[in-house]
Amino acid sequence: QAQLVESGGGLVQAGESLRLSCAASGRTFSSYNMGWFRQAPGKEREFVTGISWNGGSTDYADSAKGRFTISRDNAKNTVYLQMNSLKPEDTAVYYCAATTSWGRWYYNYMAYWGKGTLVTVSS
């Protein structure tokens with residue numbers, strides 16, 4: 001029923017910034033905690049950051065702390081990922097996901113997934 005669509009990926013130079021968006025369909029967006037994950041070639045999907053349904057709480061992986069910021073606009077059914085100081089190791093397909101749980105940022109705990117958007121950071 002629910003659908004998530006990521007956008008905003010592309011090619012950026014190391015040290016620069018990029019903003020990703022995830023648009024959700026349906027009327028229940030504000031009921032879900034939202035997360036961003038990424039998967040590099042040959043690697044497993046890993047958690048990047050998450051935000052609670054009302055934006056009051058956030059989680060960040062160590063790789064994202066101080067560089068990435070997650071936010072959401074429930075009126076627009078959209079969650080954002082602002083990525084600053086990008087590094088080549090940030091290169092991956094970035095996925096957004098929705099969950100009713102909090103703090104369990106694992107693949108099988110996500111209720112819905114987007115199809116991903118590719119971020120490439122050149123060095």
Side-chain angles (χ1 to χ4, degrees):
Q1 184 268 140
Q3 184 171 329
L4 307 175
V5 180
E6 303 93 338
S7 63
L11 176 64
V12 66
Q13 295 180 347
E16 297 187 347
S17 300
L18 201 62
R19 187 198 196 199
L20 306 183
S21 298
C22 174
S25 65
R27 299 172 56 248
T28 61
F29 173 76
S30 63
S31 297
Y32 289 92
N33 305 313
M34 300 294 297
W36 286 96
F37 295 72
R38 67 186 183 186
Q39 188 166 19
K43 301 285 188 177
E44 295 185 356
R45 193 168 300 187
E46 66 174 354
F47 169 71
V48 178
T49 180
I51 189 168
S52 61
W53 68 272
N54 62 354
S57 298
T58 56
D59 275 346
Y60 290 94
D62 288 341
S63 61
K65 291 179 181 176
R67 299 190 301 124
F68 294 3
T69 302
I70 188 171
S71 62
R72 67 190 298 164
D73 185 342
N74 288 349
K76 296 182 178 180
N77 284 357
T78 302
V79 61
Y80 304 96
L81 178 61
Q82 178 67 44
M83 303 185 292
N84 298 327
S85 302
L86 282 163
K87 305 174 181 179
E89 52 262 45
D90 295 319
T91 295
V93 176
Y94 283 72
Y95 301 88
C96 65
T99 178
T100 57
S101 66
W102 180 252
R104 300 183 185 275
W105 299 110
Y106 306 104
Y107 185 94
N108 289 338
Y109 284 86
M110 303 298 106
Y112 303 101
W113 289 94
K115 296 188 182 301
T117 184
L118 177 62
V119 173
T120 303
V121 184
S122 64
S123 63

Other hydrophobic cluster members with V93, side-chain heavy atoms of Ile/Leu/Val/Met/Phe/Trp/Tyr under 4.5 Å, chained?
->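 Via sub-4.5 Å side-chain contacts, V93 links to F37, F47, Y95, W102, W105, Y106, Y107, Y109, M110, W113, L118.
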Within 6.0 angstrom of Q13 CD, more than 12 heavy atoms from elsewhere |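 Result for CD/Q13: open.
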Under 3.5 Å donor-acceptor, [X] side chain and [Y] backbone:
X: E6; Y: L20; answer: no
X: R72; Y: S52; answer: yes
X: T91; Y: V121; answer: yes
X: N74; Y: W53; answer: yes
X: S85; Y: R67; answer: no
X: D59; Y: G50; answer: no

Quick check: is [Y] connected to [X] through a chain of hydrophobic side chains (ILVMFWY, heavy atoms under 4.5 Å apart)?
X: V5; Y: L18; result: no
X: Y60; Y: V79; result: yes
X: F29; Y: Y80; result: no

Straight-line distance of [X] [atom1] to [Y] [atom2], nearest 0.5 Å:
X: L86; Y: S123; atom1: CG; atom2: OG; answer: 12.5 Å
X: N77; Y: M34; atom1: CG; atom2: CE; answer: 9.5 Å
X: T100; Y: Y32; atom1: OG1; atom2: OH; answer: 7.0 Å
X: Y94; Y: S7; atom1: OH; atom2: OG; answer: 15.0 Å
X: K115; Y: C96; atom1: NZ; atom2: SG; answer: 11.5 Å

Looking at every heavy atom in both [X] and [Y], which two are closest together, and how far apart are they?
X: L4; Y: A98; result: CD1-N, 3.9 Å
X: G9; Y: T117; result: N-OG1, 3.1 Å
X: I70; Y: W36; result: CD1-CD1, 3.6 Å
X: A92; Y: A40; result: CB-N, 3.8 Å

With sequence neighbours excluded, what pairs up with E46 under the salt bridge (Lys or Arg N to Asp or Glu O under 4.0 Å) test?
->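 Counting only residues at least two positions away or on another chain, E46 forms a salt bridge (Lys or Arg N to Asp or Glu O under 4.0 Å) with R38.
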Between D90 and K87, is the closest basic N to carboxylate O distance under 4.0 Å?
-> no
